[in-house]
Asker: 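What follows is a structure written as structure tokens; I'll ask about it next.
In what follows, chains carry the letters A, B, and so on, assigned in the order in which the sequence lines appear, proteins first and then strands, with residues in each chain numbered from 1.
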Number of protein chains: 2
Amino acid sequence: MHKLYLMTRSEENYIKTIFHLGRQGTQDVATNAIAELMETKPSSVTDMIKKLSEKDLVNYKRYQGVSLTSLGNKTALSIIRKHRLWEVFLVEKLDFSWDEVHEVAEQLEHIKSDKLIDSLDRLLAFPKFDPHGDPIPDKNGGFKERDRDLLSEVPIRTVGVCVGVKDSSATFLKFLDKNGIALGNQIKVMEREEFDGSLNIEIDGRNMQISHVIASNLYIKTNDGI
Amino acid sequence: MHKLYLMTRSEENYIKTIFHLGRQGTQDVATNAIAELMETKPSSVTDMIKKLSEKDLVNYKRYQGVSLTSLGNKTALSIIRKHRLWEVFLVEKLDFSWDEVHEVAEQLEHIKSDKLIDSLDRLLAFPKFDPHGDPIPDKNGGFKERDRDLLSEVPIRTVGVCVGVKDSSATFLKFLDKNGIALGNQIKVMEREEFDGSLNIEIDGRNMQISHVIASNLYIKTNDGI
DNA sequence: ACAAATTTTTAGATTTGCCTAAATTTTAAT
DNA sequence: ATTAAAATTTAGGCAAATCTAAAAATTTGT
Ligand SMILES: [Mn+2]
Ligand SMILES: [Mn+2]
Ligand SMILES: [Mn+2]
Ligand SMILES: [Mn+2]
């Protein structure tokens, strides 16, 4: 049924990468894209894809890109569930900041124990989102993307709550910390400068000017959603 | 200074094994002993020992056995600290039983993050002993063996508290559970049958007969220690 | 003391995951 | 429709960690 349990760390990392690339863009995932994201060589990717294909984790035809099978998808969701639960644990229980958790979670996500991850889930009171606002799949791989919009794309006078970041690099997260921007903040878009796309926003009372780049990496949940 | 951080999982497991073998017996550790404990072949052990010797983690002369250097010892203690802290975490925070923790801790002990392990230590309120009664080294590798005796070796009428197990296999631990023997229990040795070494003990009120094998795998801390 | 048994090491092979360089296929441009 | 460029795969090799079989060193038994 599932040989999920005898996957190597490397195999798991490939599956995870293919999952992430597959969900932004409707095409099959390109060898080069995987290589770039994983900081490895295209020829190595081809080797691994063949192995994953043997194991029925990906659909693969030479030169035609790759996509996850249903088994591969399930596997990816299980790894992502672990990654994000560990991130919550590190923030909630060990006082890590949101820019420190990813690196450690990259290691912890490969620990094999169903009991461990389900108990962790319970300890954390079954969180639905990780510290960056990303959804946490449940035990069966089910999860719902939250309705949200990029701050850069909502109309003037939109009001909402900051619920996620698109770029979750430590650099960006630390910038947000420095400027007092955090998940949960109330945000109202006051003005958009058409010349450079920068925004004037009101965030938890304060007034602040943010560049287009910043705005296009912040998600808000508006109040007017149905 | 410390390249502790670029050790492979396999190297770490060898160091840990050499540490454990080295501390029971005054001799240098034999290749065969390592191979047996790690369920690998002596030739593989020789290969790895050479590598560890290159890295100044062990002292090695061909055919003469192996011992940890000061750096190797420090490394071993750091891994054991992680292993035992994770075991405490699993029992205290995730409701694992003491026979379930070892396997998962074998994986978790290889996670690399100083901040992680020190925060975990704090979350657990700096425990001094793991669920099997074994001491947890502090951040600097310091730890004290607790004064304790094998139940099989104390004189009749000795009174003490059960503080540890020698064999911490799941089989033995589950046997103890089934018979209501746990760390913290008050124990008084009532009678020793010289024929087979079995003991009649009073444990938390109850009276019970235990074989020599059982008694020789239980540690007690007596009240009459200086 | 010295042959036999045991332990340990060497030699050579295998698997996994990665690499470089060269060949092949697909895609883009004229 | 060809050709040029880009993407992908193949071929061949390398390092880590393991194995088997054979050789070398040590230990044991008489
Ligand atoms: Mn992450
Ligand atoms: Mn995250
Ligand atoms: Mn253990
Ligand atoms: Mn233990």
Asker: Write down the distance between CD (A:Glu36) and P (D:dT8), rounded to a whole number of angstrom.
Answerer: 11 Å
Asker: Please confirm whether the shortest side-chain N or O distance from A:Thr8 to OP1 or OP2 of C:dT16 is below 4.0 Å.
Answerer: no
Asker: Within residues 20-27 of chain B, find the residues that approach DNA chain C with a heavy atom at under 4.0 Å, and present them sorted by residue number.
Answerer: none
Asker: Sub-3.5 Å donor-acceptor pair from the side chain of A:Ser78 to the main-chain atoms of A:Lys74, do we have one?
Answerer: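 Here the side-chain-to-backbone pair does not exist.
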Asker: Starting at the 5' end of DNA chain C, which residue's closest nucleotide do you reach first, B:Ala33 or A:Glu11?
Answerer: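 The 5'-side residue here is B:Ala33.
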Asker: Give the rounded distance in Å between these two atoms: CG of A:Asp28 and P of C:dT27.
Answerer: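 Rounded to whole Å, this separation is 12 Å.
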Asker: Could you tell me the separation between the CG atom of A:Asn13 and the P atom of C:dT16, rounded to a whole number of Å?
Answerer: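 Interatomic distance, CG of A:Asn13 to P of C:dT16: 17 Å.
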Asker: Does C:dT6 have OP1 or OP2 under 4.0 Å away from a side-chain N or O of B:Asn32?
Answerer: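 No, outside the criterion.
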Asker: In this structure, how many angstroms lie between the P atom of D:dT18 and the CZ atom of B:Arg9, rounded?
Answerer: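 One finds 12 Å between P of D:dT18 and CZ of B:Arg9, rounded.
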Asker: What residues form a salt bridge (charged side-chain N to carboxylate O under 4.0 Å, His left out) with A:Arg146, not counting sequence neighbours?
Answerer: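 If we apply the salt bridge (charged side-chain N to carboxylate O under 4.0 Å, His left out) test to A:Arg146, skipping adjacent residues, there are no hits.
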Asker: Check the phosphate of D:dC19 against B:Ser44, side-chain N and O only, distance under 4.0 Å to OP1 or OP2. Yes or no?
Answerer: yes
Asker: Hydrogens and angles aside, do B:His102 and B:Glu106 bring a side-chain donor and acceptor to less than 3.5 Å of each other?
Answerer: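 Present: a donor and an acceptor within the cut-off.
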Asker: Has A:Ser10 got a side-chain N or O lying under 4.0 Å from the OP1 or OP2 atom of C:dC18?
Answerer: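 So the side-chain polar atoms of A:Ser10 do come within 4.0 Å of the phosphate oxygens OP1 or OP2 of C:dC18, strictly under.
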Asker: State whether the side chain of B:His212 and the backbone N or O of B:Ser152 hold a donor-acceptor pair below 3.5 Å, judged by distance alone.
Answerer: no
Asker: So, are B:Lys144 and B:Asp138 salt-bridged, with charged N and O less than 4.0 Å apart?
Answerer: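 Looking at B:Lys144 and B:Asp138, the cut-off is not met.
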Asker: Could B:Lys115 and A:Glu103 be called an ion pair, given the rule that one side-chain N must be under 4.0 Å from one carboxylate O?
Answerer: no
Asker: Using a strict threshold of under 4.0 Å (side-chain N to carboxylate O), is an ion pair present between A:Lys61 and A:Asp28?
Answerer: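 A salt bridge is absent here (no side-chain N lies under 4.0 Å from a carboxylate O).
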Asker: Report, as a single string ordered 5' to 3', how protein heavy atoms within less than 4.0 Å touch nucleotides 9-14 of chain D: B base, S sugar-phosphate only, - not at all.
Answerer: BB----
Asker: Got B:Ile15 and B:Phe19 here, is their nearest side-chain heavy-atom distance under 4.5 Å?
Answerer: no
Asker: Round to the nearest Å and state the distance from A:Met38 atom CE to C:dC19 atom P.
Answerer: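 That distance rounds to 10 Å.
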Asker: Can you classify the ring geometry of B:Trp86 versus B:Phe89 as parallel (below 30°), tilted (30 to 60°) or perpendicular (above 60°)?
Answerer: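 Ring orientation of B:Trp86 relative to B:Phe89: perpendicular.
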Asker: Could you state the atom-to-atom distance from NZ of B:Lys41 to C1' of D:dA22 in whole Å?
Answerer: 16 Å
